[in-house]
Every structure is written in structure tokens, then in C-alpha cells.
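Here the structure is a predicted model, which is why all the values come from computation and not from measurement.
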Amino acid sequence: MDSEAELLARARRYSFRARMDSKSQRGEIAGPVFVSGQGSEVEDVTGKRWLDFNSGQMCAALGHNHPTVTAAIREACDTLIHAHSSYFNVQEIRLAERLARVMPEGLEKSLFLQSGSDANEAAGSLTFAGWHKEHGPLPSGSQAIVAPYCYRCPLRQTFPACNYACLDTSFELIDAQSTGRPAAVLTEPLFSAGGVIEPPPGWLKRLQELCSARGMLLILDEEQTGLGKLGTMFACDAEGVVPDMITVAKHFGGGISISAVTTSAAIEEKVVESGFINTHSHSNDPLACAAGIASLDVIEGEDMPAKARAIGDRFKGHLGALAQRYEQIGDVRGRGLLLGIELVEDRHSRKPAYALGQAVYRYCFERGLIFSQRRQGSVLRFVPPMTTSEAQLDRAAQLLDDAFTAALQGKVKA
Ligand SMILES: Cc1ncc(COP(=O)(O)O)c(C=O)c1O
């Protein structure tokens, strides 16, 4: 195989660098260069093995190369990889039926697409991702709501005394700024990329009431939170809320790119009547749909929600123990396979500890633990695949412990 240096030289010449990675943003191209993976580990071309607490790009939550998924892909390769997207194919129909079975009651009509963005666009056409700030304006008519970020409440309130002041404020602004009845609210039920922000209990229910009162739909982006990852099939199940639409992506394809927007028969009827068409060249490819079916087989057959709960409880326990030792861990949050810690200079000021986040991240990364940084590095997010063993969880926690000690002693190179 080509050496890492040779591969990187070719990447420098031929690869576009627009990636969410600090080195790439500084114009550098550097290793690791990954070549293989199994379960919770990936290997780079130098033979170094990495513990992947980012589940790839969040899409390997079932574990890398899950054998049920790879077998389904192999079979699809021998049967039909791609089909005409205007006609039905067997795998697509099977997947739609399977997805309806795991969705909350009443959500049974699925449209398949390729990525999470596609599915959100089909459902509601927007993004408020902060890192798109150098780009043009958002689609007109879209507004943000105040984040239910209790650790740093933008309204300086405290739950439960606040009585969801963030939602009341958001809807006061929406009512004041909209001329007609706004169509929908599209939200994650737990904000992953935003910094593993967990809304307080009851927030989703109240949000749904506020939407219903205005005839607005509630659309949940469960791409990071759904399909077993948080310990229930969907995050909204834990809140007893059935939204009007759910989007799924990420590990839905077990590593293959496929997403879906699923809604009720009544909404589908209305949308189709109005002439809505949404299709792409690869919308319903049998190969991707077969991977989706296999992934649902794994999620249900191996009880992913239970595995997610067990992993989440053990690792959150470790993170809680670290927070007892390090004052700079201001908050421990998340559940199941989506956890985070927020680093602060001290617990009183809650000033974000960006440099410490970088140092802890760098220490762990150099030693083969992959996770991601959010909120400019002050939140460390952990998304271990469901294949992660207790020993791997304990190893990651030990590495984090060593990283905090080294970073706080100024022993991590900048
Ligand atoms: C919650 C959420 N929605 C949508 C997306 C976009 O998905 P994709 O990158 O597959 O287009 C992401 C990507 O990280 C996400 O985290």
C-alpha cells in the first residue's frame, strides 16, 4: 500500500480542503489517512488503531462494517444496485414498511433521499448551522428559536422556575414577525452539533402545544438522536410526543448514505395533492434501501436502545467521576450514545475553557481516541458506536483523565 506521506502528497495536489477540521481550514493537509474499520475501531495506513468515539461522521453507530449490513450490501450487489427512481423497487417498499413499524404511531409514509440535509430540505428547507456564517442569507421566512440551553440560558432563567420562557419568547417573536401562519417548526429534540444541548423535560411537549395552537407542524430532525441512539427508538418517545414528521439519516444506512422523511398518511395526501415532487437520481436505490433494512434488523434484533442505555450509563458515570476531580468540567450531559462535557475556566464564571478543550482533544487524538469538539472547542462530544465494550469505555475514560492532568499541568504541546 502507498505510504501515508505519498497519499498526503497526492491529497495536497488533488483534494479539495473545505472540511470541518481546523487543519484543513488553515489550509493544511495532514494525517491520519484511514483505511479500514471494524466495530468501534478504525485503522490508518500506518497501522495505528483508533478508538472511534465519533462513530465515523456519526453514521457508524452500529459499529463499522456491521456484518449484517455488509451481507445485505453484498447481496444487493448481486441483485440490483440502482433502479429507476420513478418506479418502485422491492427493497424500497420493504424499507418503507419496516421504517413505519419503528416510527411513532401514525407516521408511516416515507420518502427516501441520500443525506440528512436532503431529508431536512424535503421536510422544511433550512439550516441554522453556525459554521455557514460566511454564506448568503437563509431562505426568507425562516426564523430561529431561542435554544433551550439551560446551562447558559440566554434569558438568564433557571428551570423549572422559567416555565419554558425560551419558548414563550421564541413564539412571541415568531407571532410578531410573521404575516401569516408559519408552516412549521423544525428542530432536533437534543441539539447534537450545537453542543449536546438537552432541552429540559417537557420542552418538546410545550413546543408541540405552541405549534398546534397556531396550526403549525412539528418536524423533528432525529438524524442524530433517533433509531435507538439515545436509549429509546426515538428521542421524542421519551417525551411522549408524536410529531408530524421525522427525518432520519446518519446510521440509518449502517454506513451507506440514505435518509428519510416520514409523515402521516394525511399529510402525505395533502402534499401530493398540491403537486409536490421530490426525487433524485439515487433517491430509492435498492442498495441503499437494503442497507437501511439491514440497519433496522440490527437496531431491533440487537436491541440497540438497550445497548445505548448501558454504554451511556457507564460512560456518563466515568464523565461524572471526572467532573468530581476536575473543576473545569462544568457540565456533563446527553444520554445513550450521545454524550458531552462542557469545559469552563471555573464553575462560578462559567467562562468557556477553549484552550483546555483543544489541549484535551489533542492529547487524546494523538493517543488514538477520536471524538469531536463543539462550541469552538469548549464542549467535547462523545458518540461511541453501540459495539463499544466496557473495556473500551474504561480505556477512553482513563485517557481523558490523563489528558486533563497533562493539560492542566501545561504539558500538552500547542
Ligand atoms: C442533526 C443533523 N441534521 C442534519 C445533518 C446533515 O446531514 P448530512 O450531513 O447527512 O447532510 C446533520 C449532520 O451532521 C445533523 O447532525
Side-chain angles (χ1 to χ4, degrees), residues 34-43 52 55-103 107-123 222-223 226-229 233-234 246-263 265 268 272 276-305 307 385-387:
F34 294 113
V35 64
S36 62
Q38 201 63 48
S40 301
E41 288 193 346
V42 285
E43 191 171 321
D52 186 3
S55 290
Q57 193 59 44
M58 310 278 150
C59 307
L62 309 181
H64 287 278
N65 293 16
H66 192 290
T68 306
V69 177
T70 54
I73 293 169
R74 263 185 224 110
E75 198 185 318
C77 289
D78 291 337
T79 318
L80 190 63
I81 294 174
H82 166 77
H84 193 311
S85 57
S86 300
Y87 297 102
F88 287 98
N89 66 72
V90 173
Q91 301 292 23
E92 165 196 9
I93 295 171
R94 284 191 185 145
L95 179 59
E97 184 182 7
R98 283 297 301 279
L99 193 55
R101 270 184 16 213
V102 301
M103 280 280 164
L107 301 186
E108 56 183 22
K109 293 271 189 174
S110 291
L111 170 72
F112 297 119
L113 295 149
Q114 280 94 60
S115 77
S117 316
D118 280 354
N120 284 347
E121 242 173 65
E222 289 249 20
E223 297 173 6
L227 296 176
K229 221 164 109 192
M233 192 54 81
F234 289 95
I246 288 183
T247 60
V248 291
K250 301 285 186 188
H251 70 286
F252 177 41
I256 294 283
S257 174
I258 179 166
S259 62
V261 49
T262 306
T263 191
E268 189 257 5
V272 172
F276 173 83
I277 291 174
N278 192 316
T279 183
H280 298 282
S281 312
H282 292 282
S283 292
N284 49 352
D285 274 349
L287 185 143
C289 292
I293 295 167
S295 131
L296 293 177
D297 284 344
V298 174
I299 291 165
E300 290 192 293
E302 298 186 17
D303 199 352
M304 181 168 180
K307 286 190 178 171
M386 73 168 206
T387 41

Q: Starting at NZ of Lys250, measure out to NZ of Lys229 and round the result to the nearest 0.5 Å.
A: 7.5 Å
Q | Side-chain heavy-atom pair Met103, Glu108 within 4.5 angstrom cut-off | A | no
Q) Is His251 reaching over with its side chain to a backbone N or O of Leu227, donor-acceptor style, under 3.5 angstrom? A) yes
Q) Looking only at atom types and distance, does a side-chain atom of Ser295 sit under 3.5 Å from a main-chain N or O of Phe252, one as donor and one as acceptor? A) yes
Q: Taking side-chain contact (heavy atoms from CB on, under 4.5 Å) as the test, write out the residues that go with Asn284, two or more places apart.
A: Ser85, Asn89, Glu92
Q | Minimum heavy-atom distance Phe276-Ala122, with the two atoms named | A | CZ-O, 4.1 Å
Q: Report the distance from atom OG1 of Thr247 to atom CD of Glu121, rounding to the nearest 0.5 Å.
A: 12.0 Å
Q. At their closest point, which heavy atom of Val102 faces which heavy atom of Phe234, and how far apart are they?
A. O-CE1, 3.4 Å
Report, one line per pair, each donor and acceptor closer than 3.5 Å where one atom sits in a side chain of residues 66-73; sequence neighbours left out.
from  : atom 1 : to     : atom 2 : distance (Å)
His66 : ND1    : Thr68  : N      : 3.1
His66 : ND1    : Thr68  : OG1    : 3.4
His66 : NE2    : Glu302 : OE2    : 2.9
Thr70 : OG1    : His66  : O      : 3.4
Thr70 : OG1    : Pro67  : O      : 3.1

Q. Is there a side-chain contact between Ile258 and Cys289, using heavy atoms and a 4.5 Å cut-off?
A. yes
Q) To the nearest 0.5 Å, how far apart are CZ in Arg94 and CG in Leu296? A) 13.5 Å
**Q.** Residue pair Asn120 / Glu223, side-chain heavy-atom distance below 4.5 Å
**A.** yes
Q) So which heavy atom on Pro385 is nearest to which on Ala60, and how close? A) CB-O, 3.4 Å
Q: Rounded to the nearest 0.5 Å, what's the gap from OG on Ser40 to CE on Met386? Could you check?
A: 9.5 Å
(Q) Using 0.5 Å steps for rounding, measure from the CG atom of Asn65 to the CD atom of Gln38. (A) 5.5 Å
Q. Are any non-hydrogen side-chain atoms of Asn278 and Asp118 less than 4.5 angstrom apart?
A. no
Q: Would you indicate whether the side-chain heavy atoms of Leu95 and Gln91 approach each other to under 4.5 Å?
A: no
Q.
Using 0.5 Å steps for rounding, measure from the NE2 atom of His82 to the CG atom of Asp285.
A. 5.5 Å
Q) What is the minimum heavy-atom distance between Ile299 and Pro305, and which atoms define it? A) O-CD, 3.9 Å
**Q.** Minimal non-hydrogen separation, Gly116 against Ala249, with atom names
**A.** CA-CB, 3.5 Å
Q: Provide the closest heavy-atom pair for Thr262 versus Leu99 in the form atom of the first, atom of the second, distance.
A: OG1-CD2, 3.5 Å
**Q.** Short side-chain donor-acceptor distance under 3.5 Å, Gln114 and Ser257
**A.** no
